[in-house]
There are 2 protein chains.
Amino acid sequence: MDPSSSSKDRILDAAGQVFREKGFAGASMQLIARKAGVSKSLLYHHFESKQELWRAMVDQCFQRSGILERFYSIVASGDMRSLADFAEGEEGLFHFLGRNPGVVRMMNWLDLEGGFGKGFPDPCARDAVLARIREMVDRGVIRADIDPVVLPIVYMSICVNWFSARWKYLDWFAGERDEESIDRRFIRGAIDILLRGMTPDGKD
Amino acid sequence: MDPSSSSKDRILDAAGQVFREKGFAGASMQLIARKAGVSKSLLYHHFESKQELWRAMVDQCFQRSGILERFYSIVASGDMRSLADFAEGEEGLFHFLGRNPGVVRMMNWLDLEGGFGKGFPDPCARDAVLARIREMVDRGVIRADIDPVVLPIVYMSICVNWFSARWKYLDWFAGERDEESIDRRFIRGAIDILLRGMTPDGKD
DNA sequence: TTGCCGACTGACCGTTCGGTCAGCTTGGAG
DNA sequence: CTCCAAGCTGACCGAACGGTCAGTCGGCAA
């Protein structure tokens, strides 16, 4: 842990590591303090409780990664000409999530342990997402008979689950050089299935 | 908790409820014992440790749901004439998982907390799954240029994540009668996307 | 120099954790 | 009836938990 940064930042970083690895229930304040190189008491000097530290770590995780801005700019802006911008491009959400596996894993803990922390996407994202999808349907880049509610959930599910369960599938990708190239291959393959479906000619 | 069943079964049932809700780290033997209506000591009479109880509960969960037999019969048998049998039919894996949300949620805990418990799909499933996909490609029911490794992972991801995060999306499905009909609508929509893709005519 | 404040610590609190153990009850075999 | 094993319990253990608190320290303003 970098000793030059402020102790509060070091605590947040350590909390990020421990919480993301073990979840809320599995993490202990002792371990976070040890990883940050400070006493346990200092955690309570900067944060009211374990839940408060968790919340702060979630906020920092979202903020530092810029996922919310990225998400809303992709969803709400009008400059998305095709699905490629949405999913396939290096600047698309899928690759962005792929470049931030920690955030995605944290999102999975939020799903399972529920409760505190704002979660993502938050409730107010719904209308923006649905409006965007409806617009893309109007422009003909998304099939009209697709369920507009199901689509974003499927999209998120694939990404969120991958970064929790990928360790189970590492040996399925025998021959790949490293984990990063496995990630890339999975994302490319998943986007391909999402865009074009698994059947030939889009029919069963 | 049904008092007529054996105490060991009551413990396993209670462990299932608590573990699935709180995960391994978040669950306590005290609470499981209380839910089962027995003393904590009895848990240790029937099971060596907390890990052993977790493992037994995972086994019972897999066995009772019949998910492994179902999975291997779907994957390995030759009587699957089309993708409909694999995914869309009421007897397909997707609907089967939808009818067993507890198993799916447990699988998500296994993914995140890693470690003990055999997990699913187990490593030896890989070859069977890949052979099956290759055969379906040969018969022309799956596109030849699809990544055969990515497909089953995407498939599992959608299902596993849905039953962990569905509480976040309940209000996205405004107008649906109950949670069961939401599940049905999601599964139908997700299978539709999986089979046919989100683009019209299967192209971007 | 004094006073104050925020950063920081170690000792400590009550509680709960996973786990142990001696001993009680019960029912079937001999 | 005796015996024994299995089912079952409450009291208990040391460790770890989240959290508190009195107090030390360095820096800064007056």
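Protein chains get the first letters and strands the later ones, always in sequence-line order, with residue 1 at the start of each. Atom set for the values below is all heavy atoms of this structure, side chains included, hydrogens, waters and symmetry mates excluded.
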Could you tell me how far apart [X] ([atom1]) and [N] ([atom2]) are, to the nearest whole angstrom?
X	N	atom1	atom2	answer
A/Ile11	C/dC8	CD1	P	8 Å
A/Phe47	D/dT20	CZ	C1'	18 Å
A/Leu42	D/dC21	CG	P	17 Å
B/Lys8	D/dC8	NZ	C1'	15 Å
B/His46	C/dG19	NE2	C1'	16 Å

Any B/His45 side-chain nitrogen or oxygen under 4.0 Å from OP1 or OP2 of C/dT20: no

Any B/Ser41 side-chain N or O less than 4.0 Å from OP1/OP2 of C/dG19: no

Do any N or O atoms from the side chain of [X] and from the backbone of [Y] form a donor-acceptor pair under 3.5 angstrom?
X	Y	result
A/Arg10	A/Ala36	yes
B/Glu113	B/Phe24	yes
A/Ser164	B/Leu112	no

Interatomic distance, A/Asp147 atom CG to B/Ile191 atom CD1 [nearest 0.5 angstrom]: 12.5 Å

Quick test: give all pairs of protein nitrogen or oxygen and nucleotides 12-18 of chain D nitrogen or oxygen below 3.5 Å, distance rounded to 0.1 Å.
{"from": "D/dC17", "atom 1": "OP1", "to": "A/Ser28", "atom 2": "OG", "distance (Å)": "3.2"}
{"from": "D/dG18", "atom 1": "OP1", "to": "A/Ala27", "atom 2": "O", "distance (Å)": "3.2"}
{"from": "D/dG18", "atom 1": "OP1", "to": "A/Lys50", "atom 2": "NZ", "distance (Å)": "2.9"}
{"from": "D/dG18", "atom 1": "OP2", "to": "A/Met29", "atom 2": "N", "distance (Å)": "3.0"}
{"from": "D/dG18", "atom 1": "N7", "to": "A/Lys40", "atom 2": "NZ", "distance (Å)": "3.0"}

Proximity to the side chain of A/Val38 - top-ranked nucleotide from D/dC8, C/dT9, D/dG10: C/dT9

Residues that A/Val18 engages under side chain to side chain contact (heavy atoms under 4.5 Å, CB included), provided they are two or more places apart: A/Lys22, A/Ala27, A/Leu31, A/Ile32, A/Lys35

4.5 Å side-chain heavy-atom contact, B/Arg166 and B/Asp183: yes

